[in-house]
Amino acid sequence: MRRVILFDLDDTLISEDQYIRSGYRAVGKYLRDKFKISSGGDKRLYELYEEDSGYVFNRYLEELKIDYDKELILELVRVYREHKPDIDFFPDVIPALNRLKDMGAKMGIISDGYTITQRRKLEALKDKLYFFDKI
């Protein structure tokens, strides 16, 4: 019998929370550079997200008293989705994948996330994707 195992990427192989924090760091840097803001921003963005995940960028810009329009919000969304994430597999993933590979299992990754975002995540994990036969 042939074993085939498919893994969802987010919150199965990697922490979505780790990705979110990485995205807010990228947006924080973008805003610091664009508006010459001296403070971090990424921690506050994450706090706002924890309070309510809606309109995080809008609420943050309002706190900073920065005038914004739809184009700026869309640019921040683009920065967030297209950033090179600082992510890794959960600690128990590699041992589990090694065991499954030793058992002869074929493995794949599936995801229903935004294509560009998921591609960036896979690029960040590229050194560890040799376990998978299909993505």
Side-chain angles (χ1 to χ4, degrees):
M1 175 171 31
R2 189 170 192 158
R3 292 186 175 117
V4 178
I5 303 167
L6 298 177
F7 294 92
D8 183 34
L9 183 60
D10 297 321
D11 283 331
T12 302
L13 297 174
I14 66 160
S15 165
E16 183 67 13
D17 189 69
Q18 191 180 43
Y19 174 78
I20 291 167
R21 289 175 187 272
S22 175
Y24 286 150
R25 283 192 298 275
V27 170
K29 180 183 180 331
Y30 176 87
L31 289 171
R32 284 191 304 278
D33 293 348
K34 182 172 182 70
F35 294 104
K36 308 303 180 218
I37 301 167
S38 60
S39 63
D42 47 315
K43 288 183 177 82
R44 183 61 185 143
L45 285 164
Y46 189 78
E47 290 169 357
L48 289 168
Y49 165 78
E50 285 185 307
E51 291 169 13
D52 178 355
S53 63
Y55 301 98
V56 171
F57 300 141
N58 306 59
R59 293 173 17 234
Y60 181 64
L61 293 171
E62 288 166 7
E63 279 187 8
L64 295 176
K65 299 184 180 4
I66 294 175
D67 290 329
Y68 65 90
D69 56 14
K70 181 180 178 181
E71 285 75 31
L72 177 57
I73 298 300
L74 291 174
E75 180 64 11
L76 297 179
V77 170
R78 185 196 64 74
V79 168
Y80 179 87
R81 288 185 181 157
E82 295 182 10
H83 83 282
K84 183 181 180 203
D86 181 17
I87 56 172
D88 203 349
F89 285 142
F90 284 116
D92 59 347
V93 168
I94 297 293
L97 295 175
N98 276 321
R99 177 94 171 105
L100 291 168
K101 200 62 136 173
D102 289 346
M103 295 169 58
K106 297 288 184 185
M107 294 181 282
I109 296 176
I110 59 170
S111 181
D112 62 352
Y114 289 100
T115 303
I116 189 70
T117 300
Q118 299 311 82
R119 281 192 182 131
R120 294 284 191 261
K121 291 175 187 177
L122 293 170
E123 288 168 8
L125 298 166
K126 68 181 175 198
D127 294 340
K128 297 177 178 140
L129 297 179
Y130 60 90
F131 286 102
F132 301 97
D133 302 289
K134 285 285 189 183
I135 298 174

If you define the side chain from C-beta out and look only at heavy atoms, does anything of Tyr24 sit under 4.5 Å from Phe57? yes
Is there a side-chain contact between Tyr80 and Leu45 in this structure, where contact means two heavy atoms from C-beta onward sitting under 4.5 Å apart? no
Could you tabulate the donor-acceptor pairs under 3.5 Å formed by side-chain atoms of residues 115-123, not counting sequence neighbours?
residue	atom	partner	partner atom	Å
Thr117	OG1	Arg81	O	3.2
Gln118	OE1	Lys121	NZ	3.0
Gln118	NE2	Asp10	OD2	3.1
Gln118	NE2	Ser111	OG	2.4
Arg120	NE	Glu82	O	2.8
Lys121	NZ	Asp10	OD1	2.6
Lys121	NZ	Asp10	OD2	3.2
Lys121	NZ	Glu16	OE1	3.1

Leu31 side chain reached by Val79 side chain, heavy atoms, under 4.5 Å: no
Report the residues that fulfil salt bridge (charged side-chain N to carboxylate O under 4.0 Å, His left out) with Lys29, sequence neighbours left out, ordered by chain and then residue number. Asp33
Pairs under 3.5 angstrom only: tabulate donor-acceptor contacts from the side chains of residues 63-77 to other protein residues two or more places apart or in another chain.
residue	atom	partner	partner atom	Å
Glu63	OE1	Arg44	NE	2.9
Glu63	OE2	Arg44	NE	3.2
Glu63	OE2	Arg44	NH2	2.5
Tyr68	OH	Glu62	OE2	2.6
Asp69	OD1	Glu71	N	3.3
Asp69	OD1	Leu72	N	2.9
Glu75	OE1	Arg78	NE	3.2
Glu75	OE2	Arg78	NE	3.4
Glu75	OE2	Arg78	NH2	2.6

Cluster partners of Ile110, using ILVMFWY side-chain heavy atoms under 4.5 angstrom, listed by chain and number? Leu6
Of all residues at least two apart in sequence or in a different chain, which pass the side chain to side chain donor-acceptor pair (under 3.5 Å) check with Asp17? Arg21, Tyr46
Grab the two heavy atoms, one from Ala124 and one from Pro85, that are nearest each other, plus how far apart they are. CB-O, 3.5 Å
A side-chain contact here means heavy atoms from C-beta on lying under 4.5 Å apart; do Tyr49 and Arg59 qualify? no
Identify, with sequence neighbours excluded, every residue that meets ring pair (Phe, Tyr, Trp, His ring centres under 6.0 Å) alongside Phe89. none
Sequence-distant partners of Arg3, side chain to side chain contact (heavy atoms under 4.5 Å, CB included), two or more places apart: Met103, Ala105
Return the set of residues passing salt bridge (charged side-chain N to carboxylate O under 4.0 Å, His left out) with Asp11 (not counting sequence neighbours), or none when no residue passes. none
Scan residues 90-109 for pairs that pass side-chain hydrogen bond (donor to acceptor under 3.5 Å, both in side chains), counting only residues two or more places apart or in two chains. none
Less than 3.5 Å apart, which donor and acceptor atoms pair up between the side chains of residues 127-135 and the rest of the protein, not counting sequence neighbours?
residue	atom	partner	partner atom	Å
Lys128	NZ	Asp88	OD1	2.5
Lys128	NZ	Asp88	OD2	3.1
Asp133	OD2	Met107	N	2.9

